Amino acid sequence: MARYRPVDPQQSFPQLEEEILRQWRERDVFHESVRRREGADPYVFYEGPPTANGRPGSHHVLGRAFKDVFPRFHTMRGRLVHRKAGWDCHGLAVELEVEEQLGFKSKEDIERFGVAEFNAKCRESVLRYIDEWGRLTERIGFWIDTDEAYFTLESSYIESVWWSLKQVWERGLLYQGHKVVPYCPRCGTALSSHEVAQGYKDVVDPSVYVRFPVKGEEGVSLLGWTTTPWTLLSNAALAVHPDVDYVRARVDGETLIVAAALAEKVLGDGVEIGESVKGSELEGTRYEPPFPYISDYGERGHTVLPADFVTTDDGTGVVHTAVAFGEDDFQLGERYGLTLQNPVRPDGAFDERMGAFAGRWVKEADGDIVEALRESGRLLHAEEYEHSYPHCWRCETPLLYYAKSAWYVRTTAVKDELLAANETVRWYPEHIKHGRFGNWLENNVDWALSRERYWGTPLPVWRSEDGQEVVCVGSMGELRELGAEVPDDLHRPFVDEVTFERNGKTMRRVPDLIDVWWDSGCMPFAQWHAPFENQDRFEERFPANFICEALDQTRGWFYSLLAISTMLFGRASYETVLCLGLILDPEGQKMSKSRGNVVVPWDVIETHGADAFRWYYFTSKQPWDGYRFSLDTVGESVRQFMKPLWNIYYLLVLYANDNDVEPAGLADVELTDLDRWALSRLQATAAVAIDRLEDYDTTGAGRAIAAYVEELSNWYVRRSRRRFWYGDAAAFATLRECLVTVAKLVGPLTPFIADAIYGNLDGAEPSVHLCDYPEPDAALRDDGLELQMQVARDAVKLGHQARAHAALKVRQPLREAVVVAAGRERDAIERFEEVVLEELNVKGVRYVSEADELGRFELKPNYRTLGPRFGRHMPQVAAAVGGLDPERAAATLRDGGQVHVSIDGKDHALGADDVGLVLQPLEGYQVERSGTHAVAVNLEVDEKLHREALAREVVHAVQGARKDAGLDVGDRIHLRLGGDVALLEAVRAHEGYVVGETLADTLELGAAENGTPVQIEGRELRIHIERA
RNA sequence: GGGCGAUUAGCUCAGCUGGUUAGAGCGCGUCUCUGAUAAGGACGAGGUCCCUGGUUCGAGUCCAGGAUCGCCCA
């Protein structure tokens, strides 16, 4: 009767996983695993909400695999790990997706379509993808509560976000300001810095040198330089560095004022250099602007101003300033009271003040502007200039640096707090902390919070038309108290209609939305609608023990979480961050739809399964380094780890069922040394796995477990095969214990195969994921045994090598192996002599403690111990050791004595640790050595040994024939053999052996006329098999 | 232009606080084992540890400069 459910050796893992998924659903294993830890010490995980804008890709599987493994591990370790899913629903990305669907090109299109309808589409679009995300999430075994997920679009979430903004407002950190921002005229919105970063492209722009004639000095011009000719239309001033030397350079009868350091570079070698002055002396110089359209820039308009940002790296050292179109320019304008004039409309076209250029898209006007300068004689020189310039990451429109009114959070005011909070965070990899992230915090600028878009959390600021009254609203209740009617849906356009009276004035909301990163950064409390509800839950689950996202979140979620919690609660909202790297294709190229090198996760799952996918991510390398990834690389996970593990499991079940072996505890059986070894190694492996996973190192944990599975397969099982055939209780108990424990160890990593194995071999719990993580049992640990086994395995390996080099197959029995070993090594090999004999197929082992028979010792200085001791005298020491008599020294050292060397007339004693003995084999012997021990095999094959080898060959041939005949491993047969007499003679001499190995009930010799012929050493054997 | 990281076998990756024969897996070649069997084992070929300098008795490992690639920032 089968004790265990039979195992398919060809099991399809994807199919197996579907089965396990069904069990998890039926038994509600995930929720049960959380329920069982009710009241335990919580381990808090925060889900960084993905934007469900598009189908999930392989990089999302990476993130979700790592977000899964540590919560699973800590649950098994006894912690209570709630996992609440979340979805980031707002933002420009979603709007763009919808715009694309609807064929929209601009904000006017959206306004015409209707904001309510447009936002309804956005909501629909986000929710549409969430299903597929949910499907993938479940399929890869990412356990997270999707039923209770938070959505950033919910009114409750938005209300919590409003609350956060009100806190910031009350601290005086929320303000409206004018700043020059990277602005996309097509999308009609400013971009955040990380959006800008995505869009840098190399472009060729005009590079123009322009004369700015000095007023009242005929023939003298300041020479300015720019790569954005369109900004010349609103030139407001020129900037020079006060400490830089400027010269009057004469060229072709005119005088040009440029930085001394750049004069020759710009004007050529032949230029005549005149008077030199400091930039500060040029301050106040009035000049003629290049275009007449706007003249009112205030008192200091169209004069030279001093500025520290001017460099002499390129250009002329005289910097054209257009207040509205550059950060430096804008600040300069503020300092010197230049009037802010912006002649460019929000759609990127010049306004009606710009004469012939009115209505033209600024970048396209560049060429004509250069022409106009040429015609007016202002152009000295024009060329092309290649540089990298930011473009809108989605619509590819070149961005404009553009002065806009916007709302900011004064994060610069809390920079020190941010840095201090960062100090409390543990980063993986460590260098991010003070590198990328720390640097980013050091260079903190105020958070540009507002967005002039439609689909997002509305900025809860209401204002009177005259700007005198401003209210930041922190909740719906507060809004009601102010006398407003509050709609159910807080999005635009509904929220825009909310008004109330204050001091006799009508208060209307400012039209802006907020940055989506603020939304997601609020999740620690907003996911619970705290502080309006569930304040206790929020407090219980704050801060997070662990968060994990891709490296690109450094300036995204990692920052928004830290910044918001620092401003609101004065501390970091997470303790440990794991950063994940990029997924690249096998050529190291970034995966992207446009390159067509994207690996669809479903393909991987259907081909190899989710376990393999996860295992690959966990173990192939440190996750932050990025992955060179393809379908095939995942296949290796299956071949190298899952398949061998499955094979062991298959073997156990096969023979346990065959022999009707009952599952037994270790206490009920008599363990052999080999069993104890396997169990000892198991404890060691558990210890490593725990240590590595506590340190967020799946690679270290996974590799240790894989190494153990390899040992189990290629040593324990291989050495124990016969015990399994014959139903040895201790072997079954041991292997079962090992496999069940491995299933637990590997559960967090490859949850499906782990549960399949556990369920069949143990099944005390409904799932392995309800078990405790294995604790190493010191009573089962035996370091000495492990060491001895290692020595014995080394000896076997050396013997195999010796045979291979002598080209003597293992099937040929040999009389003896000669082993050079003494003391502990000899004890070890003697303890496992049976194993050594069988592995090497030799009749006996002969030990020699002296090397004489097999070779000579050579002495080698141990640099590791001697180096620190002798320092720069090391070469002399090495020479002195080389000068010792090897035989005598070796004998002395092996007896535990000391040898003496003389360095600079001083005597030094060296012990066994200081001098290594290396055996040099004598010629003519087949000896393999490793350090001080060596193994030789006696190559002499006599008649008897040869006959035995032939018998083994015959068995080998018969086994082949059994297999060809399609027999089961346990089928009994009637065997008839015919052919060469020498072969038959060998069989006769070893009849018992042949009959036993081939499971033959009867054996007839010389009677297989119609048997299948095979060749053995050039002799023919005819084999006839019949099922008994 | 600045910051951070990477560079080790044909490929994917290990190499702890510097120690003298630089490893594994895959792939390749040869052999082998066989009652886990489209698995397993052994052997072999394959390496200027990106380059150049430096520190040191000794550098894949530490330092400086450079190259290439990636990410981030401008």
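Because the structure is predicted, anything quoted here is derived from the model rather than measured. Values reported hereafter were calculated over all heavy atoms of this structure, with side chains retained and with hydrogens, waters and symmetry mates removed. Just so we're on the same page: letters track the sequence lines, and every chain starts at 1.
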With a 4.0 Å cut-off on heavy atoms, is [X] in touch with a base, just the backbone sugar-phosphate, or nothing at all?
{"X": "V717(A)", "value": "base"}
{"X": "P868(A)", "value": "base"}
{"X": "R722(A)", "value": "nothing"}
{"X": "G635(A)", "value": "nothing"}
{"X": "Q622(A)", "value": "sugar-phosphate"}
{"X": "E839(A)", "value": "nothing"}

Side-chain atoms of D625(A) come closest, of C4(B), A14(B), A36(B), to A14(B)
Do R436(A) and C71(B) share a donor-acceptor pair, side chain to base, under 3.5 Å?
-> yes
Look at the side chain of S713(A) and the base of A36(B), then say whether one donor and one acceptor between them are separated by less than 3.5 Å.
-> yes
Indicate the ring-plane relationship of W447(A) and Y559(A), choosing parallel, tilted or perpendicular according to the 30° and 60° boundaries.
-> tilted
How are the rings of F437(A) and W427(A) set relative to one another: parallel (under 30°), tilted (30 to 60°) or perpendicular (over 60°)?
-> tilted
Does the aromatic ring of W725(A) sit over the six-membered base ring of G35(B), closer than 5.5 Å centre to centre and tilted less than 30°?
-> yes
If you write RNA chain B from 5' to 3' in dot-bracket form, with Watson-Crick or G-U pairs under 3.5 Å, [ ] for crossing pairs and | for pairs with another strand, what do you get?
-> (((((((..((((.....[...)))).(((((.......))))).....(((((..]....)))))))))))).
